Amino acid sequence: MTDKEDSDSEQLVGHACIQANLRTLDSSPGVYRMLDADSRVLYVGKARNLKARVSNYARPAGHSPRIARMISETASMMFLTTRTEAEALLLEQNLIKQLKPRYNVLLRDDKSFPNILVSKAHAYPQIKKHRGAKSEKGAYYGPFASAGAVNRTLNQLQKVFLLRNCSDATFDTRTRPCLLYQIKRCAAPCVGQISEADYAKLVSDAERFLQGKSTNVQSELAEQMQVASETMEFERAATLRDRIRALTQVQSAQGINPRGVPEADVIGLHMEGGQACVQVFFIRANQNWGNHDYYPRTGGTESPEEVMRSFLGQFYNGKQPPRQLILSHDIEDHDLMVEILSESAGRKVEILIPQRGEKAELVSGALRNARESLGRKMSESAAQAKLLRGLAEAFDLPAPPVRVEVYDNSHIQGTNAVGGMIVAGADGFLKSQYRKFNIRGEDLTPGDDFGMMKEVLTRRFQRLLKEDPDRESGAWPDLLLIDGGAGQISAVAEIMAELGVEDVPFIGVAKGIDRDAGKEEFYRPGASAFALRHNDPVLYFVQRLRDEAHRFAIGAHRQKRSKAIGATPLDEIAGVGATRKRALLAHFGSAKAVGRANLADLKAVEGISAGLAEKIYDHFNDHG
């Protein structure tokens, strides 16, 4: 690749700037970037022929309002030439994802999807939800559209196949069956209620179900039930009958179970009022593994083909595509997209736009969901915009806030202290923007809420000042809501003054008389406390924001406390990970017993080398 930039066009803007850049271009494939006067990227595009593509922008007329506005803001351009158009398409999507240009279609919700993991590191495999790198030994099934879809499937699998979901450490220390065994959700292998061979058969049946072979599993269970009845093993026959019923319920609850589509993502796009919704259904092993809606940012004038192409490029960037993509609309660069997705997957990937049959029915369902989801979102957005306008009016802000940050702390007598920050805006709660802050201040008095808030806000705004001093990323808040009254607000004012951030308004929210919801008092620096009408929608809005911050902070605190409860001195020893920690605790019974053990006993533990045994011994017997 080569990278070119025409410095002569820096003083030119709009059509003149683009025209000047044409002189340096040839007919190579590649990617172009349009930048404004502050060198911010406005748009990233790809071209089979750079000179021909860019010359279209040099025309003084015939552009949509969005493109005309983009051209008028263009003060410089950058070009990357590539060997092939497919390489240019891939590079374009990478740059869009990285740079998030204002005039491109952007996929805003880009997270990893959960899988089901049948862990094979233990004689009695565990079944559980998994998200992230597939580094653990076992079989992975997915992706599922959401954590809820995984949880529903896991719940069904427990009913039918009675597999354990407890951790290995819990499994190894149980002495009697847990409640899941009592309610027929687990076979209790931990206490020998089932043999290793019989449990392995359950695991095999569960995996065949996840591979789409549920009909075979059901017929085998029916045969086993018949044999059990004939040999008068009535208790076993009843158990098998219950499993068959559960399996039937699972199949009927899934709704969409296409016979002719073993593996595909079904993608429907609906556009209305300048907004777009993309609905994705995940079909794996002839089963519906959930659906998810996305709302890509558009300029309002793009064609469905352009929006769909941009969505696919960004959605599958870093994700494994299925064997088929079944779309409601064809895309620009159809063959190129097939080429790069097939190369990414290491096998053939088809892009289909069906007109009839089962696949067309699946697309119709995705389109209906997309249309209904977009309608709900547009209605919610209108209501949210009205609330943000009300917030600006109630708190005397210069304009409705685009980004509201709400802060709360959670601790028990100062222990396991955590600060929580939630974010809300025109699209409601922005959960991907939530942050938790583990309170680090060692000189804080336990329970010092002012000190905790000072640490949280200092860390938050120091990072903003370092990473985005010009406030271009949209990460700066327009309003802070703080859980607390006059004292808390005075402390916040002092912190913000120290940081030199004096133009971000902040409001304290205190419970007020009798600490009743509805009697909240609001505090601003240098002003008297005030309240809102009891039935004011803005008051209910603030209550929801505060309650969400409280919920998030408490959840983060409980997570930290739970982790601390499970901590042992072994966690402080380099080289002792989860597996070796389990081995030591299983061998000696407790961390205290490990600390009292002699060197020879430590060396006898499976997985503990002589060198590591000495390190563990020295950790507990440091006489220096």
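Remember, it's a predicted structure, so these values are computed and weren't measured experimentally. Throughout, residue positions are numbered sequentially from 1 according to the sequence presented.
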Under 3.5 Å, is there a donor on one side chain and an acceptor on the other for [X] and [Y]?
X      : Y      : value
Arg185 : Asn165 : no
Asn94  : Asn317 : yes
Gln93  : Tyr316 : no
Gln279 : Tyr294 : no
Tyr103 : Glu302 : no
Arg376 : Ser373 : yes
Glu272 : His270 : yes

Restricting to non-hydrogen atoms, name the atom on [X] and the atom on [Y] that form the minimum distance, rounded to 0.1 Å.
X      : Y      : answer
Glu339 : Ala86  : OE2-CB, 3.5 Å
Ala264 : Val261 : CB-CG1, 3.5 Å
Phe281 : Ala366 : CE1-CA, 3.7 Å
Val118 : Pro125 : CG1-CB, 4.1 Å
Asp468 : Gly474 : OD2-N, 4.4 Å
Phe552 : Met421 : CE2-O, 3.8 Å

field: Phe113/Phe144 aromatic ring centres below 6.0 Å
entry: no

message: Check for me whether the distance between the ring centres of Tyr32 and Phe79 falls short of 6.0 Å.
response: no

Within the structure provided, determine whether [X] and [Y] are in side-chain contact (heavy-atom separation under 4.5 Å).
X      : Y      : answer
Phe171 : Pro189 : yes
Tyr43  : Ile71  : no
Asp265 : Phe282 : yes
Val13  : Thr74  : no
Val363 : Leu327 : no
Cys186 : Leu163 : no
Gln324 : Lys359 : yes
Leu312 : Ile331 : yes

Backbone of [Y] reached by a side-chain donor or acceptor of [X] within 3.5 Å:
X      : Y      : answer
Asn49  : Lys51  : yes
Thr153 : Ala149 : yes
Ser310 : Glu306 : yes
Gln314 : Leu107 : yes
Arg403 : Ala475 : yes
Gln275 : Leu374 : no
Thr82  : Thr84  : yes
Ser342 : Val338 : yes
Asn115 : Leu117 : no
Asp333 : Met337 : no

Once rounded to the nearest 0.5 Å, what's the spacing between atom [atom1] of [X] and atom [atom2] of [Y]?
X      : Y      : atom1 : atom2 : result
Leu106 : Lys97  : CG    : NZ    : 12.0 Å
Thr301 : Met271 : OG1   : CE    : 8.5 Å
Tyr295 : Cys277 : OH    : SG    : 4.0 Å
Ser328 : Leu367 : OG    : CG    : 4.5 Å
Leu157 : Ile116 : CG    : CD1   : 5.5 Å
Arg53  : Leu25  : CZ    : CG    : 12.5 Å

message: I'd like to know whether Glu405 forms a side chain to side chain donor-acceptor pair (under 3.5 Å) with Tyr434, so could you lay out the CA-CA distance, the side-chain angles of the two residues, the decisive distance to 0.1 Å, and finally the verdict.
response: CA-CA 9 Å; Glu405 293 184 356; Tyr434 288 15; over 6 Å; no

- prompt: Trp476 ring centre to Arg471 NZ or CZ under 6.0 Å, with the angle to the axis within 45°?
  reply: yes

task: Taking the six-membered ring of Phe315 (Phe, Tyr or Trp), confirm whether the NZ or CZ of Lys319 is under 6.0 Å from its centre and within 45° of its axis.
output: yes

- request: For Arg66, look at atom CZ and say whether over 12 heavy atoms of other residues, nucleotides or ligands are found less than 6.0 Å away.
  value: yes

Between [X] and [Y], does any side-chain N to carboxylate O distance fall below 4.0 Å?
X      : Y      : result
Glu92  : Arg309 : yes
Asp205 : Lys201 : yes
Glu332 : Lys46  : no
Lys377 : Asp427 : yes
Arg347 : Glu263 : yes

- prompt: Should Arg102 and Glu73 be marked as a salt bridge (charged side-chain N to carboxylate O under 4.0 Å, His left out) after you check the CA-CA gap, both sets of side-chain angles, and the distance that decides it?
  reply: CA-CA 11 Å; Arg102 191 190 321 164; Glu73 294 176 27; 2.9 Å; yes

field: Candidate pair Leu80 and Leu95, rule side chain to side chain contact (heavy atoms under 4.5 Å, CB included), full reasoning
entry: CA-CA 11 Å; Leu80 282 161; Leu95 287 173; 4.3 Å; yes

query: Which is it for Arg323 and Val349 under the side chain to side chain contact (heavy atoms under 4.5 Å, CB included) test, yes or no, and what are the steps along the way?
result: CA-CA 5 Å; Arg323 295 182 184 277; Val349 173; over 6 Å; no

- prompt: side chain to side chain contact (heavy atoms under 4.5 Å, CB included) between Tyr57 and His15: does it pass, once the steps are laid out?
  reply: CA-CA 7 Å; Tyr57 293 111; His15 294 291; over 6 Å; no

query: Which is it for Glu136 and Lys128 under the salt bridge (charged side-chain N to carboxylate O under 4.0 Å, His left out) test, yes or no, and what are the steps along the way?
result: CA-CA 12 Å; Glu136 192 171 340; Lys128 61 183 178 180; 3.0 Å; yes

Sequence-distant partners of Arg164, side chain to side chain donor-acceptor pair (under 3.5 Å), two or more places apart: Asp168

Chi angles and distances behind the side chain to side chain contact (heavy atoms under 4.5 Å, CB included) call for Val406, Glu548: CA-CA 9 Å; Val406 192; Glu548 174 68 0; over 6 Å; no

